[in-house]
Amino acid sequence: MLQEKGKLNVADEITRFIPSYPTHEKKITLHHLLTHTSGIKNYTSMSSIREISKKELTPDELINFFKNQPMDFDPGEAYKYSNSGYVILGRIIELVSGQSYASFMQEHIFDILEMTSSSYASHSKITPNKAYGYHKRKEFINANYISYSLPYAAGSLFSTVEDMLKWQNAITNNRLIKQKK
């Protein structure tokens with residue numbers, strides 16, 4: 001959507017938007033982030049994540065948490081799932097749109113597609129029929145509390161099966177972006 005509006009291009013390097021991001025002299029593009037081929041370490045696999053899991057962090061603070069980690073591989077050389085890439089993408093959405101990630105998603109996707117049961121996660125807002133996470137130990141226990149600022153653009157969205165079908169239909173029918181020719 002932002003590429004169609006001329007605000008960015010998936011071939012752009014991330015340093016166009018976040019000049020201080022340490023790329024270790026490698027060219028890391030938005031395409032690398034989107035396809036999990038950037039080589040940027042997945043912050044959710046870092047053991048030190050426990051230190052920040054309950055804190056409310058800004059997107060920049062979250063990026064600062066992982067940005068100085070060594071890269072797992074050179075960009076484009078391998079595939080490895082990385083939530084860190086989607087955190088960076090969320091911040092870039094904010095920078096080029098002038099909106100928070102949550103506002104952008106609400107205005108440009110959920111409202112347009114009438115996804116009325118989807119939103120950015122909130123600990124303070126009442127969400128009817130919200131499912132809660134569990135861990136299996138010897139028996140099931142409640143999942144540990146984490147701040148929704150921690151998953152941010154890598155996983156802080158709530159939805160329902162019905163709304164996800166609206167999303168799938170919109171993607172299939174090119175409702176949000178034009179079909180590539």
Side-chain angles (χ1 to χ4, degrees), residues 1-110 120-121 144 146-159 164 167-168 170-172 174 176-181:
M1 294 166 71
L2 292 169
Q3 180 166 306
E4 284 184 358
K5 292 179 181 179
K7 303 252 184 191
L8 55 73
N9 187 294
V10 295
D12 289 338
E13 292 186 51
I14 63 173
T15 52
R16 174 180 170 206
F17 309 99
I18 307 174
S20 64
Y21 195 90
T23 61
H24 310 281
E25 299 181 15
K26 308 292 182 190
K27 179 181 176 180
I28 304 173
T29 67
L30 301 183
H31 183 264
H32 289 129
L33 301 178
L34 288 164
T35 59
H36 300 284
T37 58
S38 70
I40 295 173
K41 175 142 335 271
N42 182 8
Y43 75 101
T44 61
S45 67
M46 296 166 49
S47 61
S48 56
I49 197 168
R50 288 185 207 101
E51 298 168 17
I52 64 165
S53 65
K54 293 176 177 48
K55 295 180 181 179
E56 290 296 320
L57 302 176
T58 66
D60 288 334
E61 290 171 329
L62 185 54
I63 291 169
N64 287 338
F65 173 72
F66 62 79
K67 75 178 185 181
N68 292 314
Q69 294 296 310
M71 299 203 32
D72 289 335
F73 51 86
D74 285 346
E77 295 296 315
Y79 167 89
K80 187 174 183 184
Y81 190 92
S82 176
N83 289 298
S84 301
Y86 277 74
V87 167
I88 295 168
L89 287 166
R91 182 64 179 128
I92 290 170
I93 288 170
E94 292 185 340
L95 292 168
V96 301
S97 72
Q99 295 180 274
S100 70
Y101 175 74
S103 295
F104 183 89
M105 294 299 293
Q106 188 65 50
E107 181 181 332
H108 298 279
I109 296 178
F110 302 146
Y120 189 83
N144 293 332
I146 64 164
S147 163
Y148 288 129
S149 69
L150 190 67
Y152 176 57
S156 280
L157 299 178
F158 282 170
S159 196
M164 293 305 298
W167 167 255
Q168 179 59 47
I171 296 299
T172 301
N174 303 300
L176 296 174
I177 58 174
K178 297 174 187 161
Q179 183 175 8
K180 186 177 180 179
K181 296 179 182 181

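Side chains included, hydrogens not; waters and symmetry mates left out as well; all remaining heavy atoms used.
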Margin query: Can you list everything that forms a side chain to side chain contact (heavy atoms under 4.5 Å, CB included) with Leu157? Sequence neighbours excluded, please.
Written below: Tyr101, Met105, Phe110, Tyr120
Next item on the list: Using a strict 4.0 Å threshold on nitrogen-to-oxygen distance, state whether Arg91 and Glu94 make a salt bridge.
Entry: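 Salt bridge between Arg91 and Glu94, a charged N being under 4.0 Å from a carboxylate O: yes.
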Next item on the list: Start with the C-alpha distance between Ile49 and Leu150, add both sets of side-chain angles, then the distance that settles side-chain contact (heavy atoms from CB on, under 4.5 Å), and finish with yes or no.
Entry: CA-CA 9 Å; Ile49 197 168; Leu150 190 67; 4.1 Å; yes
Check: Would you find more than 12 non-hydrogen atoms of other residues, nucleotides or ligands less than 6.0 Å from His36 atom NE2?
Finding: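 Correct, the count exceeds 12.
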Note to self: Does atom NZ (Lys27) have a neighbourhood of more than 12 heavy atoms from anything else shown, all under 6.0 Å?
What the structure shows: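 Atom NZ in Lys27 is not crowded, with 12 or fewer foreign heavy atoms closer than 6.0 Å.
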What's the shortest heavy-atom distance between [X] and [Y], and which atoms?
X	Y	value
Lys7	Val96	CD-O, 3.5 Å
Glu51	Lys55	O-CE, 3.4 Å
Leu33	Ser38	CD2-CB, 3.9 Å

In Å, rounded to the nearest 0.5 Å, how long is the span from [atom1] of [X] to [atom2] of [Y]?
X	Y	atom1	atom2	result
Met1	Ile93	CE	CD1	9.5 Å
Ile92	Leu30	CD1	CG	5.0 Å
His31	Asn9	NE2	CG	10.5 Å
His32	Tyr79	NE2	OH	14.0 Å

Notebook entry, point to check: Under the 3.5 angstrom rule, does the side chain of Thr23 hit a backbone N or O of Ile28 as a donor-acceptor pair?
Noted result: no
Note to self: Taking ring pair (Phe, Tyr, Trp, His ring centres under 6.0 Å) as the cut-off, I'd like each qualifying pair that reaches into residues 38-67, sequence neighbours left out, listed once.
What the structure shows: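 Those involving residues 38-67 are Tyr43-Phe66.
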